[in-house]
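For clarity, every value in this text was computed on a predicted model and none was experimentally measured.
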Amino acid sequence: MKILVMIPCYNEQENILDTVKNLKKHCPDVDYLVINDCSTDNSENILKENNIPYISFPCNLGIGGGVQAGYLYAKENGYDITVQMDGDGQHDPAFLQTVIEPILNGKADMSIGSRFIEKKGFQTSFARRIGIRFLSCLIFLLTGKRVYDVTSGYRACNRLLTEFYADSYAQDYPEPEAIIAAVLNGFTVSEVAVEMKERQGGVSSIRALSSIYYMVKVSISLLVYRLILADRGGMR
């Protein structure tokens, strides 16, 4: 299997080098690509100086646009499995084999690394856990599929779903929207237990003051996507 790990990066000068080193230590046989989303700090210089494979954008596309570019790269280069792993050090590559296992054995088109199955490692803040639980319930109501860690960016997709996302992917904070798009278009989504770490440095893109806006926006997007698909006559 040809595997690509794509690592979104926006102002991760404190984390990106250690993230890549940790990946190479635990998974020396996978390919990887850092997606530098027009970072304004020293991230790109670090990537360049350390000969780390990366693509860089002239303007900030946001996490959705950056990840879609990664899926497009994977599609054009014939990868069998595409893994998304954050550049802030939260996702432990020691669990990469666990994340891709449902893809390898053909049990799922998407496999999500979940911190809430065994509840080990960093569990994020109480407020964010409440928000994640709300989105999990909303996705269940809209699709009938229960996914617990709906905002986890640690996930793997097979070739078919990679091609789907290369052509169509949610923008802004797309993790929950990508799940509902996959399920409603007939793809199989599963979760596996992983342990995550606290952000190793820098600042998260989702601040406390923007959390309510995020919840409202994502909820509306999920509802609209479901209504549009229903109007078109259902699933793929």
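Considering only residues two or more places apart in sequence or on other chains, Tyr154 meets the ring-ring contact (aromatic ring centres under 6.0 Å, His included) condition with His91.
Between Tyr148 and Phe116, the distance separating the two ring centers is not shorter than 6.0 angstrom.
Partner Ile180 forms a side chain to side chain contact (heavy atoms under 4.5 Å, CB included) with one of Val150, Leu223, Leu142 and no other, that one being Leu142.
Closest approach of Asp86 and Thr19 over heavy atoms only: O-CG2, 3.8 Å. The two residues Ala182 and Val189 come nearest to each other via the heavy atoms CB-CG2, 4.0 Å. Considering all non-hydrogen atoms of both residues, Ile35 and Gly70 come closest at CD1-CA, 3.7 Å.
A cation-pi arrangement is present between Lys2 and Tyr79, with the terminal nitrogen or guanidinium carbon under 6.0 Å from the aromatic centre and inside a 45° cone about the axis.
With contacts defined as side-chain heavy-atom distances shorter than 4.5 Å, the pair Ile7/Glu12 does not qualify. Residues Phe122 and Gln90 have side chains in contact (heavy-atom distance under 4.5 Å, counting atoms from C-beta outward). Pro176 places a side-chain heavy atom less than 4.5 Å from the side chain of Ile139. With a 4.5 Å cut-off on side-chain heavy atoms, Met196 and Asp149 count as touching. Looking at heavy atoms from C-beta onward, Asn36 lies in side-chain contact with Leu47 at the 4.5 angstrom threshold. Taking 4.5 Å as the limit, every side-chain heavy atom of Glu101 sits out of range of all side-chain heavy atoms of Lys107.
A salt bridge links Asp80 with Arg159: at least one charged nitrogen is closer than 4.0 Å to a carboxylate oxygen.
No side-chain donor-acceptor contact under 3.5 Å links Ser114 to the backbone of Val192. Although no hydrogens or angles enter the test, the distance criterion places no donor-acceptor pair under 3.5 Å between the side chain of Lys145 and the main chain of Val183. No side-chain donor-acceptor contact under 3.5 Å links Asn60 to the backbone of Cys38.
Summarising the geometry, atom CD1 belonging to Ile100 is positioned 4.0 Å from atom CD1 belonging to Ile3; distances are rounded to the nearest 0.5 Å.
Crowding of Arg146 atom CZ: a count of heavy atoms from other residues, nucleotides or ligands under 6.0 Å exceeding 12.
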